[in-house]
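Report on the structure given below.
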Amino acid sequence: AQQGRVREKVYGKQKIYFADQEQLPAASDAELRGLDGEIATRSAQLQALQQSCRHMEAELKDLNSSMTTPEIAREMEALKKDCASYTEKLERIKSVTNHVTPEEKEKVCREQQLYRREWRRRKRMATELLDAILEGYPKSKKQFFEEVGIETDEDHGVVLPAT
């Protein structure tokens, strides 16, 4: 610093030393333009290399996340075994001879509809009869049901099936 090759700046208790740029030769405009051109060229190369690097990293990520050939072979074997077992199960189901015929199915549906209709009719008759009794009964409906011992469908969580 005393010889003049390095400059010194004091900031409070700190001292900073840096090269004295006045001793360096001044660059001409042509050299500066050449350096600017070189900077632009190198920046473009840097951008191209970074873009290429990003593409390669994305491709590497895809390749790492995909299955390898041995893994695919194992997966295919497992799927073929599953397919064979399902095919065998389907054949067993098709070969069973105790299928329900459409006539039997229709008969069961008619019977269910008949029983459901009868259930509704009887429930409606019981409800009407109980409502008639409750008109003159001094206590609540719940108390009456407890005294007489009536259990309703709702007490047991039974719901009348839909049509």
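Quick note: numbers below take in every heavy atom, side chains included, and nothing from hydrogens, waters or symmetry partners. This structure is a prediction, so every number in the text was calculated from the model and none was measured. This chain uses plain numbering: 1 for the first residue, then up along the sequence.
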Closest non-hydrogen contact found for Ile150 with Asp155 is O-OD2, 4.2 Å
Around Lys105, counting heavy atoms of other residues, nucleotides and ligands shown, do more than 12 lie under 6.0 Å from its NZ? no
Under 4.5 Å between side-chain heavy atoms, chaining through other members, with only Ile, Leu, Val, Met, Phe, Trp and Tyr counted: pull out the rest of the cluster around Val158, sorted by chain and number. Trp119, Leu160
Check the pair Glu8 / Ile16 against side-chain contact (heavy atoms from CB on, under 4.5 Å), numbers first and verdict last. CA-CA 6 Å; Glu8 172 187 19; Ile16 297 177; over 6 Å; no
Lys/Arg N to Asp/Glu carboxylate O, Lys142 vs Glu154, below 4.0 Å: no
Between the side chain of Glu71 and the main-chain N/O of Thr68, is any donor-acceptor distance below 3.5 Å? yes
Pair Arg92 + Glu88: basic N to acidic O under 4.0 Å: yes
Going from CD on Glu59 to NE2 on His55, what distance comes out if it is rounded to the nearest 0.5 angstrom? 10.5 Å
I want to check something: taking the side chain as every heavy atom from C-beta on, are Phe18 and Lys9 in contact at a cut-off of under 4.5 Å? yes
Quick one about Gln51 and Arg54 (side-chain donor to acceptor, distance below 3.5 Å, no hydrogens or angles considered), yes or no? yes
Are any of the side-chain nitrogens in Glu118 or Arg121 under 4.0 Å away from the carboxylate oxygens of its partner? yes
Share the residues that join Met76 in a hydrophobic cluster, the rule being Ile, Leu, Val, Met, Phe, Trp or Tyr side chains under 4.5 Å apart at the heavy-atom level. Met67, Ile72
Short N-O contact, Glu38 and Arg42, less than 4.0 angstrom: yes
Could you give me the CA-CA distance, side-chain angles and deciding distance for Gln14 and Val10, then say whether side-chain contact (heavy atoms from CB on, under 4.5 Å) is met? CA-CA 6 Å; Gln14 296 179 349; Val10 178; over 6 Å; no
Any link between Tyr86 and Ile93 through a network of hydrophobic side chains (Ile, Leu, Val, Met, Phe, Trp, Tyr) touching at under 4.5 Å? no
For Lys141, what residues pass the salt bridge (Lys or Arg N to Asp or Glu O under 4.0 Å) criterion, not counting sequence neighbours? none
To the nearest 0.5 Å, how far apart are CD in Gln45 and CD in Gln47? 11.5 Å
Rounded to the nearest 0.5 Å, what's the gap from CZ on Arg74 to OG1 on Thr69? Could you check? 10.5 Å
Within 6.0 angstrom of Glu104 CD, more than 12 heavy atoms from elsewhere: yes
With Ile39, which residues qualify under side chain to side chain contact (heavy atoms under 4.5 Å, CB included), at least two apart? Asp36, Ser43
Sorted by chain and residue number, the ring-ring contact (aromatic ring centres under 6.0 Å, His included) partners of Phe144 (sequence neighbours excluded) come out as Tyr137
Flag yes if more than 12 heavy atoms outside Tyr11 fall under 6.0 Å of its OH atom; otherwise flag no. no
Check: Ser85/Asp82 side-chain N/O donor and acceptor closer than 3.5 Å: no
Got a sec, which hydrophobics cluster with Leu63, joining ILVMFWY side chains under 4.5 Å apart, including via others? none
Going from CD on Gln50 to CD on Glu57, what distance comes out if it is rounded to the nearest 0.5 angstrom? 10.5 Å
So does Lys61 get a backbone contact from the side chain of Asn64, meaning a donor-acceptor N/O pair under 3.5 Å? no
Within the structure provided, determine whether Lys139 and Glu147 are in side-chain contact (heavy-atom separation under 4.5 Å). yes
